[in-house]
Amino acid sequence: MLISLSLLGFGNVGRGVAQVLLEKKEWFRRKYGLEFRVVSISDSSATIWDESGIDLMEALEVKKTFGSLSYWGDEYSIYHLSPIDVARKVESDVFIDVTPANPEAYKWYMEAFRMGRHVVTSNKPPLVFHYVELIQEAAMRGVNYRFEATVMAGTPIITLLQESLLGDEVDSIEGVFNGTTTFILSEMEKGLTFDEALKKAQALGIAEANPDVDIKGFDAAYKATILHNVAFEPMSFKKVEIRGIDDVSPEDIKRAKAQGNVIRLVAKIEKKRVSVEPVEIPKTSPLAVYGTSNVAVIKSDLMGEIVLRGAGAGVKETASAVVSDIIKCVKRE
Ligand code: HSE
């Protein structure tokens, strides 16, 4: 089955998705009988659009060499379309949005749903601020809205809550959901300064375009709200209590370390209550993750406790979630 994809965003994650589609093309065909054709790619400079399919290897090469798709005029036509125009005009089965955090993106998805397209995204704010409208519109149009990549990258917490544990009532979810702050705190434990650790996180491609979103706790708060919305019911972001790691000092980290503890940005999610704050925890706690790992401790009535740990950020780890969601949207049971 031939599936056409429209890819909005060609930064770290978008390129990661293109790379996976390219490298695993044969495997997707053998395993699922699916062949993917990327019919448009948009970065902030331009949209390349060709319904017969875009050469992904060359797209990656152009982006690497010139930094922007607008330089690719010789083989493909260059368009200047708004994201909403891409959603409307580009004929695709799946509209993929991997652009930086942007609440306005919900309008693009509404348009894509109206056009009968599935939406797969790593963009968190639309789920935080427009959850009900989006879920309802997708259901009404009979299409999928999938967002595994928004929380814990490819570690499947969203699918776990949406498609497993269906007989369970969740009591609480506690976890560490921001890779950048964990990375910074764990590098500071090794003696790096805050700025050195942040630069390293940026070089790994895990920090948000505006790293304040990570450091001040908003990214973790978005993720915690999404989990609340999925596990319980839609909740207003205004009610989330948020404290970032900006006031954690090297002395706090040293003192914690001397006592066998670490400091992590911990999110707590209970029905109608979500908080994010730096917490000192023993090194032996399941919440004591390192590097770019995330963890979630899910407590529910039938299962008791489930600990889910895995990558929470990273290019191929996020691409894993996006590609998996694309396949879920179109795979025949
Ligand atoms: N900036 C995010 C993080 C990326 O550090 O966890 C993954 O959502």
Side-chain angles (χ1 to χ4, degrees), residues 9 11-17 96-103 105 120-128 146-159 173-188 192 194-230 237 240 242-246 248 263-267 269 274 276-278 287-296 308-325:
N12 286 328
V13 179
R15 293 200 303 271
V17 170
I96 305 159
D97 170 31
V98 287
T99 58
N102 176 5
V120 169
T121 184
S122 58
N123 203 335
K124 296 144 206 159
L127 286 149
V128 175
R146 292 203 167 263
F147 44 87
E148 186 64 70
T150 57
V151 187
M152 297 183 81
T155 309
I157 188 160
I158 301 286
T159 311
I173 304 172
E174 196 172 16
V176 176
F177 299 120
N178 182 266
T180 302
T181 48
T182 303
F183 187 83
I184 291 173
L185 292 168
S186 39
E187 289 296 302
M188 284 173 78
L192 257 67
F194 185 95
D195 288 338
E196 287 165 346
L198 171 60
K199 278 209 184 86
K200 250 177 126 175
Q202 286 174 313
L204 284 176
I206 61 171
E208 296 300 301
N210 169 6
D212 270 357
V213 174
D214 297 298
I215 293 155
K216 294 187 184 300
F218 290 107
D219 178 76
Y222 287 158
K223 290 165 174 164
T225 307
I226 295 170
L227 293 180
H228 184 282
N229 293 351
V230 174
F237 189 65
V240 180
I242 311 170
R243 208 152 59 81
I245 64 159
D246 26 359
V248 177
I263 298 175
R264 293 292 176 262
L265 189 63
V266 175
I269 302 142
V274 174
V276 171
E277 61 180 347
L287 296 175
V289 282
Y290 294 87
T292 58
S293 283
N294 278 189
V295 64
L308 182 66
R309 196 187 65 197
V315 173
K316 74 176 183 342
E317 294 81 355
T318 308
S320 160
V322 172
V323 172
S324 173
D325 275 353

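Since the model is a prediction, treat every value here as computed from it, not as a measurement. All values below come from the heavy atoms of this structure, side chains included, with hydrogens, waters and symmetry mates left out. First listed ligand is number 1; within each ligand, the first listed atom is number 1.
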Taking only heavy atoms of [X] into account, list the atoms of ligand 1 that are under 4.0 Å away from them.
{"X": "Glu208", "value": "1 (N), 2 (C), 4 (C)"}
{"X": "Gly312", "value": "7 (C)"}
{"X": "Lys223", "value": "2 (C), 3 (C), 6 (O), 7 (C), 8 (O)"}
{"X": "Lys124", "value": "8 (O)"}
{"X": "Asp214", "value": "1 (N), 2 (C), 3 (C), 5 (O)"}

Main chain of [Y], side chain of [X]: is a donor-acceptor contact present, judged purely on distance under 3.5 Å?
{"X": "Ser320", "Y": "Lys316", "value": "no"}
{"X": "Asp325", "Y": "Glu148", "value": "yes"}
{"X": "Thr180", "Y": "Ile206", "value": "yes"}
{"X": "Ser186", "Y": "Gly291", "value": "yes"}
{"X": "Lys223", "Y": "Phe177", "value": "yes"}
{"X": "Arg264", "Y": "Val289", "value": "yes"}
{"X": "Thr150", "Y": "Phe147", "value": "yes"}
{"X": "Asp97", "Y": "Ala105", "value": "no"}

For the 3.5 Å polar cut-off, considering only N or O atoms, please tell me whether [X] and ligand 1 meet it.
{"X": "Gly179", "value": "yes"}
{"X": "Thr150", "value": "no"}
{"X": "Ala313", "value": "no"}

- Note on the structure: The answer for which part of Val213 has a heavy atom under 4.0 Å from ligand 1 is neither
- In the protein, what heavy atom is nearest to atom 4 (C) of ligand 1, and what distance, to one decimal place, separates them? Ile206 O, 3.2 Å
- To which protein heavy atom is atom 5 (O) of ligand 1 closest, and what is the distance rounded to 0.1 Å? Thr180 OG1, 2.6 Å
